[in-house]
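Heads up: numbering here begins at 1 and tracks the sequence.
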Amino acid sequence: MGEDIQKHSVHTLVFRSLKRTHDMFLSEEGSLPPLDPKAVSAWRSSKAKDTYGPIVELVKKQQEIAKKTGLPTNYPGGPLALTNKSEQDVETSQTLALMPSGTVGGHQMPQSTANVSAVGIPGYASGGPTHNSTQSLITRKAPTMPKPQWHPPWKLCRVISGHIGWVRCVAVDPTNEWFCTGSADRVIKIWDLASGRLKLSLTGHVSTVRALQVSPRHPYLFSAGEDRQVKCWDLEYNKVAISLSIYYVIRHYHGHLSAVYSMALHPTIDVLVTCGRDSTARVWDMRTKANIHTLTGHTNTVASVVCQAAEPQIITSSHDSTIRLWDLAAGKSMATLTNHKKSVRAVAMHPNLYKAYDLFHYKYMFASASPDNIKQWKCPEGKFIQNLSGHNAILNCLAINADNVMVSGADNGSLHFWDFKTGYNFQRSQAPVQPGSMDSEAGVFAMAFDHSGSRLITAEADKTIKIYKEDDEANEETHPINWKPDLLKRRRY
C-alpha cells in the first residue's frame, strides 16, 4: 500500500477519492424513496400561481366585465378599456389605431409582440401608456459632478521652533490672539498667533501631551496625555503668573485606564469628553469632575472625538475602523458606521453647521480620515455622502474652515487641500523638515485653523510648528482649476 501511494501524485489520489465518493452516492440514488406525488403537485401549483396568478386574475376580471357589458373579451383594448375612460384615453387609443400594424411609439416591434393585446401590459389598460409610464420613457441626463469652488493655494509663512520633542496637538484661543501646543517633551507652550513668540510654558504632565482644548465659555485650558491625566488649567491665574513662569492646575479628572489621545468640549453645556487607548470615551462634568458616562462599544483605541450641540452630540472614531454616534443623554451608541476598512484616526465637523448646500441638501456634516480614504457623512443618522480618495498615506488629522477648505495631514508629511463640497483636491504639498532633521521625520500629527479660517497651524514630527496662509497674489488665471466635468462618481461604501 505504501509503494502504491509513492507511485502516484497527490492530485491523482485526490481525484481517486472524489470518484469513489461520487460512485458511492450515485449507487445509492436508486434506493432513495420515491417523491410524494401530492408534494410535487403542490409545489407545481404554487409555482404556477406565483408566475401566472396576476394574468389569471386579469382574465377573470375581463370575463366578468364582458358579461355585464355584453362586449366580447377580444374588443380592442378589452372591456377594461371602457371603464373610467377619459378624453385623453380616447385620443391615445385613436393615435395607436392610426399607427401601422406592429409599431408602438413609432418603433418597429417583432410580429409576435405586435399582436399581443395591450391589456396585459402594465400601464396599457386604457389602450396606451399611462402618465407614469410615459415619464419613465423620458430620456434623463446622466448626473455630473458640479464645478468646484476656486480656492487660492496655501503657502508656508512661518516655522516656529521651541519644543524638544514631537509636537502632538494644537488648539487656538477663542479670541484668536494665541494658540497652544503639546509635545512629547511633556510641556504645553502658549504662543502669540500674530508674532509666533513664546508667551508661556506649562509643565505638569509626566508623559507626552496628546490633546488640548481651550474653552470658549470659561477661562480654562484642558490638557490630556499618555500619563492618563486630564487637567484643567486656570488661564486667568496664569495671565498674572506669566512673569513668574509658574502654572496653576485647578482640576484633575481621574478615570482613564490608559493614555488619553483626544478630547472635545461641548459647545453649549459644561461637559468635557475624552477618549483614549482604553477603548472608551468618558463624559465629565467640567465643574464637579464627575464621570457622567463611560461610552463603551469600541474594541480598540478611540483616536478622535468631536462634540456638537445637535444630535448626535458626540462622535468618536477608533482604530477598530468604526465611527460611533452617541446619545449624550442616554450615554449609549445611536449608530455605528462600518464603512472604513482601516483605523480611523481623525474626525472633523464642518464649522457652518446649519448652512444648507444645494449639492448634498444637508444642514451639517462631518468628515473622517483613514488610510483607505476620507469619507463625508451627514448627521444625524450618519448617512454616507462620498469618498475623497487620493491621499494614500496614514492620515493623522483633518481640519475644515468656513470657506469649505478641508486639509488632511499624514504621517509622511504630506498635506492635501480639498474643496469640501465637491471633494476636489486642489492642492498637494509636502511639509519641509527643519534643517538638521532627517526626511523621515516629516510627519503631521495635528492641525487646526484659526478662528478666521485664514491661517492653518500644523504640529509636526520635526519638533516644529508650521503656519500656512492663503497666497494673496494668486487668482483664477494664475492658478486655474484643473477640473474636467465627468460623470458623478458612484458611491463606494
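Applying the 6.0 Å contact sphere to CD1 of Ile164 captures no more than 12 heavy atoms from other residues, nucleotides or ligands. Annotation: Arg217, atom CZ; neighbour count of heavy atoms from other residues, nucleotides and ligands within 6.0 Å is above 12. Annotation: Trp166, atom CH2; neighbour count of heavy atoms from other residues, nucleotides and ligands within 6.0 Å does not exceed 12. Within a 6.0 Å radius of CZ in Arg186, no more than 12 heavy atoms belonging to other residues, nucleotides or ligands are found.
Asn412 pairs by the side-chain hydrogen bond (donor to acceptor under 3.5 Å, both in side chains) definition with Ser414, not counting sequence neighbours. Residues satisfying the salt bridge (charged side-chain N to carboxylate O under 4.0 Å, His left out) criterion with Glu226, sequence neighbours excluded, are Arg210. Contacts of Val302 classified as side chain to side chain contact (heavy atoms under 4.5 Å, CB included), with partners at least two apart in sequence or in another chain: Cys275, His298, Thr316.
Remark: the backbone N or O of Trp150 is not paired with any side-chain donor or acceptor of Tyr424 at under 3.5 angstrom. For the pair Asn387 (side chain) and Ser389 (backbone), a donor-acceptor distance under 3.5 Å is absent. Not one N or O on the side chain of Arg168 forms a donor-acceptor pair closer than 3.5 Å with the backbone of Thr208.
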Please determine whether side-chain contact (heavy atoms from CB on, under 4.5 Å) holds for the pair Gln213 and Leu272, giving the CA-CA distance in whole Å, both sets of side-chain angles, and the decisive distance to 0.1 Å.
CA-CA 10 Å; Gln213 285 291 329; Leu272 169 70; 5.5 Å; no
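Pairs passing the salt bridge (charged side-chain N to carboxylate O under 4.0 Å, His left out) check and including a residue from residues 458-469, sequence neighbours excluded, read Glu460-Lys466, Asp462-Lys466. Applying the salt bridge (charged side-chain N to carboxylate O under 4.0 Å, His left out) test to residues at least two apart or on different chains, the pairs with a partner in residues 280-296 are Asp270-Arg287, Asp278-Arg282.
Cation-pi geometry between Arg455 and Phe179 is not met at under 6.0 angstrom from the ring centre and within 45 degrees of the axis.
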Name the atoms and distances for all side-chain donor-acceptor pairs under 3.5 Å in residues 153-162, with sequence neighbours left out.
from: Arg158; atom 1: NH1; to: Ala194; atom 2: O; distance (Å): 3.3
from: Ser161; atom 1: OG; to: Gln434; atom 2: OE1; distance (Å): 3.3

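Aromatic ring centres of His350 and Phe420 lie closer together than 6.0 Å. Taking the six-membered ring wherever Trp is involved, the centroid distance between the rings of Trp377 and Phe384 falls below 6.0 Å.
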